[in-house]
There are 2 protein chains.
Amino acid sequence: MARRAAKTSPSPSDLDARKATILEAVVAEHIDTAQPVGSSSVAHSADVDVSPATVRSEMVALEREGYLAQPHTSAGRVPTDKGYRYFVDHLKSGVLSSAQQYQVRDFFTNVRGEVEDVLEKTSTLLSELTSYTSVVVSAGHSHASILSVQLVSLDARHQLLVTVFSDGSVVKHSVNTTFDANFVDVSEASRQLNALLIGTTLEHRVQVPSRSDGVATLIRESVSVLHAEQPTTDGEQVFIGGSSKVAEVFAGVETVRKVLSILEQELLVVTLVQDILNQGLSVAIGSEHGYEPLSACAVIVAPVTIDGAPAGAVGLLGPTRMKYREALAAAGMVSQHLARHFGGEDDLA
Amino acid sequence: MARRAAKTSPSPSDLDARKATILEAVVAEHIDTAQPVGSSSVAHSADVDVSPATVRSEMVALEREGYLAQPHTSAGRVPTDKGYRYFVDHLKSGVLSSAQQYQVRDFFTNVRGEVEDVLEKTSTLLSELTSYTSVVVSAGHSHASILSVQLVSLDARHQLLVTVFSDGSVVKHSVNTTFDANFVDVSEASRQLNALLIGTTLEHRVQVPSRSDGVATLIRESVSVLHAEQPTTDGEQVFIGGSSKVAEVFAGVETVRKVLSILEQELLVVTLVQDILNQGLSVAIGSEHGYEPLSACAVIVAPVTIDGAPAGAVGLLGPTRMKYREALAAAGMVSQHLARHFGGEDDLA
DNA sequence: TGTTAGCAGTCAATTCTACCGAGTGCCAAC
DNA sequence: GTTGGCACTCGGTAGAATTGACTGCTAACA
């Protein structure tokens, strides 16, 4: 009875043990060889202990249920996105080879430089570890408070507003005036801006003087230019490593072009990563992320959390037939090291 | 007699008029069609007024002299790098279509934002104008003087040194100490650093206090970390636009990969551009720039000069059979607009 | 009833052959 | 010196034949 029920309306995400084994064997082999895989190679694979004929009939079922597809009648089977999804969901987590583990540890003990440099190099590391294109996103400073603002005069009508945030980021904005600002006014404005803004975040609105003298105008301009940043981007930074891997890893020229043109648009990449994280996923396969040009891709994302707060994410972009276990392990390990590196005690020297 | 001499030892860079015309016709057509070009299409082209047979015999000569090559016996001719070089050297300068001119002007009248944003967008513009990958390099600040330095405390042992240069660039450096620095020391160090460094360039060496108290240590650390920047990079920034064009424009996957992996290394790109400029070239064809992985490429460079001083460069990277006239015109026009934009009166608002 | 061996059928990929045509080099005539 | 003509070369293409890796189906089997 239970069996019957299971057969007529099979829970879509729960295959019986044999189907699961076969599906996993198909996916694993296809990831390995990039070829459609036939019944006999599955039958001969380690975990499967039935004849090719049996495998075939199971494959028909798996195809009917949408896990596999056949490029053409007399070819083997290829996993669908749904097939990959099942595979990934039932993946036991792996670890990196000890050589790779060493490489990561070595990297993080030796790396020096400013945050941006470290993230840039990290993205290169991650890409080299996996031979996929990597993405490192640092969180914006919408929640960081302002440690210091300073107005520096370039010339009478052009000032530079330099803002330092508690997360260590530094942002500059041009502040231009239609009148000549004298040195005294600029430093007075700078002083008042400090008093006004230190300790606030970009989300705080502050009371600006409404007077029309030079100092007040400078202050108003500065605050408005600083707060104007908000809508477009949040100060996230994106570092892309190994974009040349795109050409190695994807087949058609057209796919390569599409993927590259997505990677060119940093804002899009940030949004993509954020979207995936918001969906609570760590892997988005094929069209799961909703970016049509990336429908041939799988994207792996691992959040970087420092002291419980989201501080960014690392990601990997490869073909749907990517080596999920290794890639997940690499992304996970790097994100942890990154968190530790920028987290507590570490001396960034 | 003179004729005889010209025949036995022809000046390699000076072809007789007919050869020149034929060579130019071959190059022009090959750029257009990407196919080997045969004698008859050359003979029928506008500027040539001889029979295919005559063209053939001239082509034999041009091949012997290294301007043309034959992929195989029964194919037409293809220009060699030397052929392209001749073509480029004898190119009369062109102008952009008026629609493109409008696009450039429109861009520069409407563009807003920080210098970096403008350069980033400019590289996209240039790439869209030409459908080649573009490069925008801004000069380093080795000759810019320091307008302001400020030490901001992140926590007791981590300070941030924020330096503003006269060219409007802002640089941050971490300054870490092995002792807890108190707030007063940090602001005192900041004050003294200002007195010490304002008006100097990174090439100036300054006298630092040798005392061992906190303030002096902070100052020493700050100065050393600031001056340490020099050797690796000079603060140049690179903006690459349209890297996806690489996939459109080059044939083999392997070429695409090679080119992309060069573009990944920003330092390399800066050096490449600088090298070409130093050679006094505006176009480097094939192996002229000495970067083997780019031997299938031509690189166009146009310096950006502001008030007589080099302020950077714009470049284009395409296949050796790129549309030189249009690309040169675009690079030239953009570099001029860039110079004007950041030059005198313009309000960057 | 589920599993298996065997068999006929399908279809992409490969190989082969023949052929076409673009383009050359050479030569003899102008 | 230029040209038309001719024989030749050789890459590219199109079609036919072959191969072989699969499948689905069926009948026998445990």
Side-chain angles (χ1 to χ4, degrees), chain A residues 1-8 10 15-23 25-26 29-30 32-45 47-65 67-80 251-252, chain B residues 1-4 6-8 10 15-23 25-27 29-30 32-45 47-65 67-79 251:
Chain A
M1 219 57 82
R3 193 149 64 190
R4 185 112 178 238
K7 229 185 159 183
T8 50
L15 300 169
D16 70 59
R18 195 169 67 182
K19 279 204 186 61
T21 317
I22 289 175
L23 176 55
V26 171
E29 178 156 344
H30 183 256
D32 222 50
T33 64
Q35 299 293 325
V37 349
S39 55
S40 79
S41 57
V42 171
H44 295 139
S45 84
D47 299 327
V48 181
D49 216 24
V50 290
S51 78
T54 312
V55 172
R56 278 203 288 279
S57 65
E58 294 289 43
M59 279 170 134
V60 173
L62 285 168
E63 183 169 0
R64 196 174 40 234
E65 292 169 35
Y67 293 98
L68 295 178
Q70 223 176 352
H72 58 86
T73 320
S74 69
R77 298 307 205 290
V78 159
T80 60
Chain B
M1 223 135 336
R3 193 151 65 197
R4 186 111 178 236
K7 228 187 159 180
T8 49
L15 301 168
D16 69 59
R18 195 169 68 183
K19 279 204 185 62
T21 316
I22 290 175
L23 175 57
V26 171
V27 176
E29 178 157 343
H30 184 257
D32 222 52
T33 64
Q35 300 292 326
V37 349
S39 56
S40 77
S41 57
V42 171
H44 296 137
S45 84
D47 300 328
V48 181
D49 215 23
V50 291
S51 77
T54 312
V55 172
R56 280 205 286 281
S57 65
E58 294 289 43
M59 280 170 132
V60 173
L62 284 168
E63 183 169 0
R64 195 173 42 233
E65 292 169 36
Y67 293 98
L68 295 178
Q70 225 176 349
H72 58 85
T73 321
S74 69
R77 300 307 207 289
V78 158

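In the text below, chain A, chain B and the rest are named by the order of the sequence lines, each starting its count at 1. All values reported here derive from a predicted model rather than from experimental measurement.
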For [X] and [Y], which heavy atoms make the closest approach, and how far apart are they?
{"X": "B:Arg56", "Y": "B:Ser39", "value": "NH1-OG, 3.2 Å"}
{"X": "A:Val78", "Y": "A:Pro36", "value": "CG2-CA, 3.8 Å"}
{"X": "A:Pro71", "Y": "A:Ala75", "value": "CD-CB, 4.2 Å"}
{"X": "B:Ala25", "Y": "B:Val48", "value": "CB-CG2, 4.4 Å"}

Whole angstrom is fine here: how far is it from [atom1] in [X] over to [atom2] in [N]?
{"X": "A:Lys19", "N": "C:dT3", "atom1": "NZ", "atom2": "P", "answer": "10 Å"}
{"X": "A:Glu63", "N": "D:dC22", "atom1": "CD", "atom2": "P", "answer": "15 Å"}
{"X": "A:His44", "N": "D:dC22", "atom1": "NE2", "atom2": "C1'", "answer": "14 Å"}
{"X": "A:Met59", "N": "D:dA21", "atom1": "CE", "atom2": "C1'", "answer": "13 Å"}
{"X": "A:Leu62", "N": "D:dG24", "atom1": "CG", "atom2": "P", "answer": "12 Å"}
{"X": "A:Gln70", "N": "D:dC22", "atom1": "CD", "atom2": "C1'", "answer": "8 Å"}
{"X": "B:Arg77", "N": "C:dA22", "atom1": "CZ", "atom2": "P", "answer": "17 Å"}
{"X": "A:Glu29", "N": "D:dA21", "atom1": "CD", "atom2": "C1'", "answer": "13 Å"}

TODO: Starting from the 5' end of DNA chain C, give me the residue, B:Val60 or A:Glu58, whose nearest nucleotide shows up first.
DONE: A:Glu58
Open item on the list: Would you say A:Thr54 places a side-chain N or O within less than 4.0 Å of OP1 or OP2 belonging to C:dT4?
Closed with: yes
TODO: Look at B:Arg18 and D:dT2 and indicate whether a side-chain polar atom (N or O) is within less than 4.0 Å of OP1 or OP2.
DONE: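 For D:dT2, OP1 or OP2 has a side-chain N or O of B:Arg18 closer than 4.0 Å.
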Quick test: give all pairs of protein nitrogen or oxygen and nucleotides 26-30 of chain D nitrogen or oxygen below 3.5 Å, distance rounded to 0.1 Å.
none

Task: B:Asp47 atom CG, over 12 foreign heavy atoms within 6.0 Å - done: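 No - once you tally the heavy atoms of other residues, nucleotides and ligands closer than 6.0 Å, there are 12 at most.
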Open item on the list: For a side chain to side chain contact (heavy atoms under 4.5 Å, CB included) check, start with the C-alpha distance between A:Val42 and A:Met59, then their side-chain angles and the critical distance, and finish with the verdict.
Closed with: CA-CA 10 Å; A:Val42 171; A:Met59 279 170 134; 4.3 Å; yes
Task: Close side-chain approach of A:Arg77 to A:Val60, heavy-atom, < 4.5 Å - done: yes
What's the spacing between [X] [atom1] and [Y] [atom2] if we round to 0.5 Å?
{"X": "B:Glu58", "Y": "B:Asp16", "atom1": "CD", "atom2": "CG", "answer": "6.0 Å"}
{"X": "A:Glu29", "Y": "A:Ser41", "atom1": "CD", "atom2": "OG", "answer": "4.0 Å"}
{"X": "A:Asp32", "Y": "A:His30", "atom1": "CG", "atom2": "NE2", "answer": "10.5 Å"}

Open item on the list: If you assign B:Pro52 and A:Ser39 each to the DNA chain D nucleotide with the nearest heavy atom, which residue ends up on the more 5' nucleotide?
Closed with: B:Pro52
TODO: Evaluate the criterion side chain to side chain donor-acceptor pair (under 3.5 Å) for residue pair A:Ser57 and A:Thr54; output intermediate values, then yes/no.
DONE: CA-CA 5 Å; A:Ser57 65; A:Thr54 312; 5.7 Å; no
TODO: Report the end-to-end axis angle of the helix from C:dT1-D:dA30 to C:dC30-D:dG1; each axis comes from five terminal pairs, and the value is rounded to 10°.
DONE: 20°
- [ ] Would you mind building the protein contact string for nucleotides 7-20 of chain C? One character per nucleotide, 5' to 3', B for base within reach (heavy atoms under 4.0 Å), S for sugar-phosphate only, - for untouched.
- [x] ---BBS--------
Open item on the list: Keeping B:His44 on the side-chain end and B:Ser40 on the backbone end, is there a donor-acceptor pair under 3.5 Å?
Closed with: yes
